[in-house]
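Input: a single structure, listed below in C-alpha cells.
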Amino acid sequence: MPRPMSENRRDASFFMTATTQFGLEEVLAQELRQLGAKIEKIGQRAVEFTGTKQLLYEANLWCRTAVRILKPFAHFQAPDEKSLYREVGRLDWSEYIGADQTFAITAVVNKSSFEHSLYVAQLTKDAIVDQFRNRTGVRPSVDVKTPDIRLHLHMIENEVVLSLDSSGDSLHRRGYRQQTNAAPLNEALAAGLLLLTGWDGKKPLIDPMCGSGTLLTEAALIAQRIAPGLYHQGKFCFQNWADFDLSLWESVRMDARGARIDEPQAYLAGSDLSPEFIELARQNVAAADLEDYIRLAVRDVKDAVAPANEAPGLVIMNPPYGERIGEEEEMDALYKTIGDTLKTSFPGYDAYIFTGNLEAAKRVGLKASRRTPLFNGPIDCRLLKYELYQGSRKVKE
C-alpha cells in the first residue's frame with residue numbers, strides 16, 4: 001500500500017480501527033465523533049474511522065469504551081503458509097520496527113484455512129525476523145509482556161490486515177484499580193454501561209451494590225471531564241513509533257489535564273453490604289484521586305434510599321449473577337429485594353440493572369422498558385432499564 005507523501009504532516013488523515021466489547025460499538029462511535037473522527041464503518045466489536053495523528057493520540061487518552069486503537073498499514077490475501085510468509089516479507093519492516101526495539105504480534109483468525117492464531121503469529125514473526133537478519137545481520141527481539149511495538153494481525157477467510165497497535169496495554173486497564181480479588185466489571189464496560197444510559201454527568205447517580213466501585217469511579221471521570229488515559233501505566237505504544245511527535249503529544253496531554261473540572265458536577269454515592277468491598281472501593285477512589293466526588297457507605301441493598309434534597313436521577317447496579325450451583329433461591333430472593341427497594345425508595349428515578357442472570361431478573365417485579373444485550377467476559381448479559389414513576393403519577397392540572 002503506497003503511502004501518501006503527506007503522511008508525516010500533522011494534518012494528514014489516515015485510517016484507524018478502535019476495538020471494543022460487543023454492544024458498545026455505537027457508544028464508541030459517538031465518543032470518536034465527539035473527538036472529530038469521521039466514522040467509516042461500525043462493525044462487530046470495532047469502529048473504523050479516519051482522522052489525524054492528533055486524533056490518534058486523543059482517542060487513546062479520551063475513549064472510555066475503546067480497548068485498542070489500531071492503525072492498519074498493510075492488506076493482502078494469504079491462501080497458504082508460503083503466501084503469508086512471502087507477503088509479510090515484502091513489507092519494509094524497518095519503517096515500523098527499529099533493530100534495537102522489541103515487538104510482539106497478536107493474531108486474530110476467523111473462518112480461515114489457518115486453524116491456529118498462534119501459528120499465524122509465529123509465521124509472521126519469522127518473516128519479520130528473517131528480513132532483519134538478511135538485511136542487517138541483527139534482529140529485533142520478541143517481548144510478549146511489554147513490547148516497544150505491538151503488531152495486530154487480523155485474518156478473515158485468508159484476507160489479512162496488519163496494523164500497528166497504538167495503545168500497548170489494553171485501554172480498559174486504567175491504572176487506578178488496586179488489587180482485585182473479586183471479578184469486577186472492567187472499566188471500559190462500566191463506562192459503556194453509563195454512556196448507554198444517556199446519563200448527563202449532572203443528575204445524581206446511585207449504586208446501591210457498588211462492590212469495588214468501578215461504576216462510580218467511571219461516573220466521576222465522566223462528570224468531572226477527566227480523560228481515562230491520564231491513568232494509563234507506562235507508555236502508549238505510539239510513543240515508540242518512528243513518527244512519534246513529542247510536542248504534539250505533550251500539547252494533547254496538557255489539553256486533557258486542563259479539561260478537568262474541579263468543582264463536583266454530580267451527586268455520586270455508592271453502598272455495599274460488604275465492608276471489605278467498601279474498603280477496596282475507597283482505595284480505588286483514592287488511587288484515582290476522586291475522594292471529593294464519591295460518597296461511600298456500608299449498607300444492605302434493602303436499606304438503600306435516594307438522597308434527600310436531590311432531584312431524581314439514576315440508580316444503577318451490577319448485582320451478583322449466582323454462577324454456583326444451588327444459588328437459585330438466594331438469587332431469586334436478592335433480585336426480589338432489589339425490585340422492592342427500587343419501587344419504595346427511588347420514585348422518579350431511572351433504574352438500570354446489569355445482570356447475567358436473566359431468570360433471577362424476572363423476580364425484580366418491574367417491567368423493563370429497554371433490554372440491551374452485552375457480555376461481561378464470557379457471560380451473556382442484559383442492561384435492563386426500569387422507569388420508576390413517582391407515586392400515582394398525578395396528572396398535572
Side-chain angles (χ1 to χ4, degrees), residues 27-28 30-36 54-55 57-66 171-178 184-208 210-236 247-272 278-297 306-316 349-350:
V27 170
L28 174 56
Q30 191 49 34
E31 287 198 88
L32 288 163
R33 270 189 209 103
Q34 285 168 351
L35 291 171
Q54 178 170 333
L55 180 75
Y57 296 175
E58 287 176 345
N60 276 289
L61 265 188
W62 280 103
C63 284
R64 301 178 192 282
T65 55
L171 296 177
H172 82 268
R173 294 198 187 98
R174 306 275 200 249
Y176 63 70
R177 198 146 76 185
Q178 307 304 291
L185 285 178
N186 88 45
E187 298 91 319
L189 177 56
L193 297 178
L194 295 165
L195 295 174
L196 280 166
T197 70
W199 179 60
D200 62 0
K202 300 269 187 264
K203 288 193 178 109
L205 186 139
I206 315 296
D207 181 352
C210 71
S212 60
T214 309
L215 275 166
L216 288 164
T217 307
E218 290 297 317
L221 298 187
I222 291 169
Q224 302 307 132
R225 221 167 53 201
I226 297 169
L230 291 172
Y231 296 100
H232 193 78
Q233 303 291 293
K235 278 183 172 180
F236 289 98
S247 64
L248 177 63
W249 170 232
E250 284 178 344
S251 83
V252 162
R253 213 167 40 175
M254 204 188 316
D255 287 348
R257 289 206 182 99
R260 177 184 177 134
I261 306 166
D262 288 330
E263 187 63 32
Q265 297 298 296
Y267 181 100
L268 306 175
S271 51
D272 200 279
I278 290 297
E279 181 47 42
L280 195 53
R282 280 190 208 288
Q283 289 173 23
N284 289 337
V285 168
D289 194 20
L290 296 170
E291 298 102 316
D292 294 348
Y293 309 105
I294 298 169
R295 298 163 169 83
L296 293 166
N309 312 325
E310 294 286 340
L314 200 76
V315 56
I316 185 165
Y349 273 68
D350 278 339

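Just so we're clear, the structure is a prediction, and the values are computed from it rather than from any experiment.
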Review point. If only atom types and distance count, is the side chain of Q224 paired as donor or acceptor with the main-chain N or O of I222 below 3.5 Å?
Key: no
Check your understanding: Given the rule in the side chain to side chain contact (heavy atoms under 4.5 Å, CB included) test, do W199 and I316 qualify, once you have shown the distances and angles that lead to the verdict?
Key -> CA-CA 11 Å; W199 179 60; I316 185 165; over 6 Å; no
Point to revise | Main-chain N/O of T65 paired to E31 side chain as donor or acceptor, under 3.5 Å | key: yes
Practice item. Could you tell me whether the side chain of T217 reaches within less than 4.5 Å of the side chain of L290, counting heavy atoms only? Key: yes
**Study point:** Straight-line distance of L32 CG to E58 CD, nearest 0.5 Å
**Key:** 11.0 Å
Check your understanding: Would you say the side-chain atoms of R174 pair up with the backbone N or O of L171, donor to acceptor, closer than 3.5 Å?
Key -> yes
Check your understanding: Looking only at heavy atoms, what is the nearest atom pair of G229 and F236, with distance?
Key -> O-CZ, 3.7 Å
Review point. Please walk me through it: do E187 and Y176 pass side chain to side chain contact (heavy atoms under 4.5 Å, CB included)?
Key: CA-CA 10 Å; E187 298 91 319; Y176 63 70; 3.2 Å; yes
Check your understanding: Would you call L205 and L216 a side-chain contact if the rule is heavy atoms closer than 4.5 Å?
Key -> yes
Point to revise | CG on L189 to CZ on R64, rounded to 0.5 Å | key: 15.0 Å
Check your understanding: Step by step, would you call L28 with L195 a side chain to side chain contact (heavy atoms under 4.5 Å, CB included)?
Key -> CA-CA 9 Å; L28 174 56; L195 295 174; over 6 Å; no
Practice item. Can you see which heavy atom on L35 is nearest to which on A59, and at what distance? Key: CD1-CA, 3.8 Å
Check your understanding: Between C210 and G270, which heavy-atom pair has the shortest distance, and what is it?
Key -> SG-C, 3.9 Å
**Study point:** ring pair (Phe, Tyr, Trp, His ring centres under 6.0 Å) against Y349, all qualifying residues, sequence neighbours excluded
**Key:** F346
Check your understanding: Without hydrogens or angle criteria, can the side chains of Y57 and E250 be said to hold a donor-acceptor pair below 3.5 Å?
Key -> no
Practice item. Kindly compute the distance separating CG (N186) from CD (E218), expressed to the nearest 0.5 Å. Key: 9.0 Å
**Study point:** Rounded distance [0.5 Å steps], CD1 in I226 versus CG in L61
**Key:** 13.0 Å
Practice item. Considering non-hydrogen atoms only, spot the tightest contact between K203 and A266 and give its length. Key: O-CB, 3.8 Å
Check your understanding: Should R257 and L230 be marked as a side chain to side chain contact (heavy atoms under 4.5 Å, CB included) after you check the CA-CA gap, both sets of side-chain angles, and the distance that decides it?
Key -> CA-CA 8 Å; R257 289 206 182 99; L230 291 172; 4.2 Å; yes
Point to revise | Between R177 and S212, a side-chain donor and acceptor under 3.5 Å | key: no
Exercise for review: Determine the minimum heavy-atom distance between Y293 and I261, stating which atoms define it.
Suggested key: OH-O, 4.0 Å
Review point. Can you name the closest pair of heavy atoms from T214 and L185 and give their distance?
Key: CG2-O, 3.7 Å
Check your understanding: From L280 CG over to R282 CZ, what is the distance, rounded to the nearest 0.5 angstrom?
Key -> 11.5 Å
Review point. Do D350 and T197 come close enough that some side-chain heavy atom pair is under 4.5 Å?
Key: no
Point to revise | Sidechain-backbone polar pair: D272 side chain, G211 backbone, donor-acceptor under 3.5 Å | key: yes
